[in-house]
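Below is one structure, written out as C-alpha cells; the observations come after it.
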Amino acid sequence: MLSCDICGETVTSEPDMKAHLLIVHMESEVICPFCKLSGVNYDEMCFHIETAHFEQNELERNFERISTIQYGTSENGKDNTAQCRIEVNSSIHSACASNHPKISAQSLPKDCTLKHKAFYSENLTESRKFTKSKEKQCDLSKIKGSVHETMYSPPDCPFCGKIEDCSQDMETHVKTKHANLLDTPLEDCDQSLYNCPMCGLICTNYHILQEHVDLHLEESSFGQGMDRVQCSRDLELAHQLQEEEDRRRKSEESRQEIEEFQKLQRQYGLDNSGGYKQQQLRNMEREVNRGRMHPSEFHRRKADMMESLAIGIDDGKTKTSGIIEALYRYYQNAAPDVRRVWLSTVVDHFQSSFGDRGWGCGYRNFQMLLSSLLQNDAYDDCVKGMSVPCIPKIQSMIEDAWKEGFDPQGASQLNNRLQGTKAWIGACEVYTLLTSLRVKCHIVDFHKSTGPLGTHPRLFEWILNYYSSEGERSQKVVCTSKPPIYLQHQGHSRTVVGIEERKNRTLCLLIFDPGCPSREMQKLLKQDMEASNLKQLRKFVGNLKHKQYQIVSIEGVLTSEEKVARRQASQVFTAEKIP
C-alpha cells in the first residue's frame, strides 16, 4: 500500500499514486491538509508541511517522497510532452519506459529535478491518458519488487542542509536545532494564506483576519441597527401621513355631508329661510325692482295676502274653475280619435304663485282635491262649512293631524313643524290630512316599472278601473262621481281628473298640473277649444317614466271608529304595492 505524504491518501500501486499526484495535487489546486494553505507550488507546499507541520507528518506512513513534478513543452513548441520523474531504482524506470516510451531517463535533466513552473492543458491531457490507460500500465509485480529495494533518498534539513539517515533523525534534528524556526510561518505563504470572505482582503495572520472580519460584522450589525432605526422612523412618518390623510378625508366628508344636508334642507324648504309669506313678499319686491310690477300693485297684493293669511282662506287669484264642464262639451262634439272618456267630479285648478313657487305643488293639489269634495254632496259631513284654505292654513291643519297622533314618523322627519317653512309634502301628508277630516282614502304605490322602457301601464289600468266602475259603457263621455286622484312622483305632484280610451285601445290620462299657468288653463274655457289646447292635459303611457309613482284615491267617508282605526294604523305607514 502506498500513502501520499501530502494528503495521506492510500493507494494500491505506483501508477495509481502517479495518477493521484497528477490529478489531485497538480491539476487541482495544491492545498495543505493541515491548515488549508493554498496558492503555492508543490515544492513550497512540501517545504511548508515539513516545517510547519513536522510533528503531524508521520513519515512512516508514506510510501515514498515526491521530489519533483514537472510539466513542460518541447523546444519547437509543437510536440508537447509530459515528463514525470520519481526517484526510484532503474528497474522502475525501465519497466515504465518499456510501456511508455514518452517517459525515459533521457527526457529528464541529470539532477532529476524539476525547474519549470509553467503548466499547459495539453500536457495535462497527455498525463491523464497516461495514468488512465489500463492497457499501458507498468507491470505491477516488477514495480512492487523494485519499490522495496529503492526507497526515497536520505532527507536533508531544509534550514541548514544537513543529511540524516532517516526521517526520525531528521525530525529530531529540526526540533533540537531549529525549534525557533518552526513557530515562524513563511512570509511568502502567509501573505496569501487568509482571504477575507467579505471584502477579499489578504491577511498575513489568522488573528488579523479574525479581527478584520469582526470589524465587518460590527459594521454590518451597526448598519442593520441604523436600518432598523431608519425603518422605525419611516414607519412612524408613514403613520403620521396616514393619520393626516384620514383627518383631511374625514373633514372633507363631513363638509360634503353638511353641504348635502343643507342642500336638501333648501330643496325641501327646511333651511329656516321663511315660508309662504316671506317668499311672496321677496318675489313681489323683485318684480317691482325689475319694473314688472307697479308699486301700487305691490301694496294691493300685499294687503290681499295679509287678509287671506289672517282668515286662512285662499284668495282665489290662481284658481281656474269650469274646466271639467268645458271638457265635457268638447268630447261631446269633437275628439273623433277618442272612443270613450271618463271625467271626475267638478274640480278647480290652482296654480302655484309667488309665495309657493318651487315647493308648493303638494299644497296646490290638495286644494284641487278639496275643491272637488266641497262641490260633492257625498262629502258634506266631512268638509261642511269649509272653504279652500290657503297654504299656511293647510300647513297648520297637517300639524293638527300630527298632534292627534297621525303619522308620527312623517312628523318626526319634518321636525313636527310646517308653518313658517317651505317644506314639501307628499302622498303621506295628503293622506294624513284627508283622514283627519274623515275622508276615506287609499295609497297605492307603483314602486317599479311594469312596462317596456320604464313605463307604468299598470298605473293607467288601475286609474281606468277606478273611473270606469261607474257609468254605462255605451256613453262616449262619462261624468263620474269619483273625486280626482292625487298623483305623486319624485320632485313633483299632479292631479288626475280623467282618462281617455282611444280608438286604438291606448289610454291617456287627463292631468291638472299646478305648474301650468292659469292663462293657459283658461284657454280650455273657450267655446271653440281646439285639440291642441288639450296637449297640456294629456299624458300617454310613454310620458310617465319616473321610477316610482304613488296615488291617493278617495273612496268615501269614514265613521268616527274607522278614523280611530286609521290613526292607529298610521303609526307604521303601509301602502298597497303594485306590482
Side-chain angles (χ1 to χ4, degrees), residues 241-286 309 352-366 390-433 436 443 445-448 454 486-494 513-515 545-552 570-575 577:
L241 294 176
Q242 185 63 40
E243 290 176 357
E244 292 178 1
E245 180 65 22
D246 291 342
R247 285 196 296 269
R248 286 195 297 267
R249 179 176 54 80
K250 291 180 180 179
S251 177
E252 180 65 19
E253 290 177 354
S254 177
R255 185 186 63 80
Q256 291 180 356
E257 289 179 359
I258 294 174
E259 290 180 354
E260 290 294 330
F261 181 70
Q262 292 175 349
K263 181 179 179 181
L264 289 174
Q265 284 184 321
R266 290 192 299 270
Q267 180 179 355
Y268 292 100
L270 300 174
D271 57 349
N272 297 322
S273 61
Y276 177 87
K277 176 182 176 181
Q278 290 79 6
Q279 179 172 319
Q280 177 86 359
L281 293 175
R282 282 196 299 268
N283 287 334
M284 288 195 301
E285 289 174 356
R286 188 177 295 113
L309 296 179
S352 296
S353 64
F354 285 133
D356 61 287
R357 186 172 298 166
W359 58 272
C361 58
Y363 301 97
R364 295 299 182 179
N365 284 305
F366 174 77
C390 62
I391 288 179
K393 179 61 177 180
I394 297 174
Q395 292 177 326
S396 175
M397 294 168 64
I398 295 175
E399 290 180 358
D400 293 338
W402 287 342
K403 292 176 182 178
E404 290 183 37
F406 287 95
D407 190 17
Q409 293 183 355
S412 176
Q413 292 176 359
L414 295 172
N415 298 323
N416 295 286
R417 186 173 73 91
L418 290 176
Q419 293 188 82
T421 71
K422 293 179 287 188
W424 295 13
I425 62 171
C428 293
E429 287 73 33
V430 172
Y431 173 88
T432 296
L433 183 51
S436 68
I443 296 180
D445 184 9
F446 298 86
H447 57 97
K448 65 179 181 180
Y486 179 91
L487 176 64
Q488 175 76 52
H489 60 80
Q490 178 63 37
H492 193 42
S493 61
R494 289 171 280 189
D513 191 336
K545 292 185 178 181
H546 285 276
K547 182 179 179 180
Q548 180 181 14
Y549 288 91
Q550 291 179 338
I551 62 174
V552 180
S570 69
Q571 304 300 308
V572 179
F573 230 110
T574 58
K577 286 192 174 183

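Open room surrounds CD on Gln490; 12 or fewer heavy atoms of other groups in view lie less than 6.0 Å from it.
Ring pair His546/His489 is parallel by interplanar angle, where below 30° counts as parallel and above 60° as perpendicular.
Residues forming a side chain to side chain contact (heavy atoms under 4.5 Å, CB included) with Lys277 (at least two apart in sequence, or on another chain): Leu281, Met305, Met306, Leu309. Applying the ring-ring contact (aromatic ring centres under 6.0 Å, His included) test to Phe354 and every residue at least two apart in sequence or in another chain returns nothing. In this structure Trp359 satisfies the ring-ring contact (aromatic ring centres under 6.0 Å, His included) test together with Tyr363, sequence neighbours excluded. Remark: Gln548 engages Asp445 in a side-chain hydrogen bond (donor to acceptor under 3.5 Å, both in side chains) (not counting sequence neighbours). By the salt bridge (Lys or Arg N to Asp or Glu O under 4.0 Å) test, Glu245 pairs with Arg248, sequence neighbours left out. Among residues two or more places apart in sequence or in another chain, the side chain to side chain contact (heavy atoms under 4.5 Å, CB included) test is passed with Ser353 by Tyr276, Gln280, Thr318, Asp356, Arg364. Taking Glu285 as the reference, nothing meets the salt bridge (Lys or Arg N to Asp or Glu O under 4.0 Å) condition, with sequence neighbours excluded. Listed by chain and number, the residues in a side chain to side chain contact (heavy atoms under 4.5 Å, CB included) with Gln413 amount to none (sequence neighbours excluded). Under the ring-ring contact (aromatic ring centres under 6.0 Å, His included) criterion, His447 pairs with no residue, sequence neighbours left out. The side chain to side chain contact (heavy atoms under 4.5 Å, CB included) search around Lys547 returns none, not counting sequence neighbours.
In this structure a side-chain-to-backbone donor-acceptor pair under 3.5 Å is present from Gln279 to Arg357. Checking side-chain atoms of Asn365 against main-chain N and O of Ser493 turns up a donor-acceptor pair under 3.5 Å.
Here Glu244 contributes atom CD and Gln242 contributes atom CD; the two are 10.5 Å apart, rounded to the nearest 0.5 Å. Atom CH2 of Trp402 is separated from atom CG of Asn416 by 6.5 Å, given to the nearest 0.5 angstrom. In this structure, Met397 CE and Phe366 CZ are separated by 5.0 Å, a value rounded to the nearest 0.5 Å.
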Do any side-chain atoms of residues 417-428 form donor-acceptor pairs under 3.5 angstrom with protein atoms, and if so which ones, sequence neighbours left out?
{"residue": "Arg417", "atom": "NH1", "partner": "Gln419", "partner atom": "O", "Å": "2.9"}
{"residue": "Arg417", "atom": "NH2", "partner": "Asn272", "partner atom": "OD1", "Å": "3.4"}
{"residue": "Gln419", "atom": "NE2", "partner": "Glu399", "partner atom": "OE1", "Å": "3.0"}
{"residue": "Thr421", "atom": "OG1", "partner": "Leu418", "partner atom": "O", "Å": "2.5"}
{"residue": "Thr421", "atom": "OG1", "partner": "Ala423", "partner atom": "N", "Å": "3.4"}
{"residue": "Lys422", "atom": "NZ", "partner": "Ser273", "partner atom": "OG", "Å": "3.0"}
{"residue": "Trp424", "atom": "NE1", "partner": "Gln267", "partner atom": "O", "Å": "2.7"}

Side-chain donor/acceptor pairs under 3.5 Å, residues 252-261, sequence neighbours excluded:
{"residue": "Glu252", "atom": "OE1", "partner": "Arg255", "partner atom": "NE", "Å": "3.3"}
{"residue": "Glu252", "atom": "OE1", "partner": "Arg255", "partner atom": "NH2", "Å": "3.3"}
{"residue": "Glu252", "atom": "OE2", "partner": "Arg255", "partner atom": "NH2", "Å": "2.2"}
{"residue": "Glu252", "atom": "OE2", "partner": "Gln256", "partner atom": "NE2", "Å": "3.2"}
{"residue": "Glu253", "atom": "OE2", "partner": "Arg249", "partner atom": "NH1", "Å": "3.3"}
{"residue": "Arg255", "atom": "NH1", "partner": "Glu259", "partner atom": "OE1", "Å": "3.3"}
{"residue": "Arg255", "atom": "NH1", "partner": "Glu259", "partner atom": "OE2", "Å": "2.4"}

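Using a 4.5 Å cut-off on side-chain heavy atoms (C-beta onward), Phe406 and Leu433 make no contact. Side-chain contact between Val430 and Gln488: absent, with no pair of heavy atoms (C-beta onward) separated by less than 4.5 Å.
Here the closest non-hydrogen pair linking Pro514 and Cys361 is CG-O, 4.0 Å. When all heavy atoms of Gly405 and Pro408 are compared, the pair lying nearest together is O-CD, 3.9 Å.
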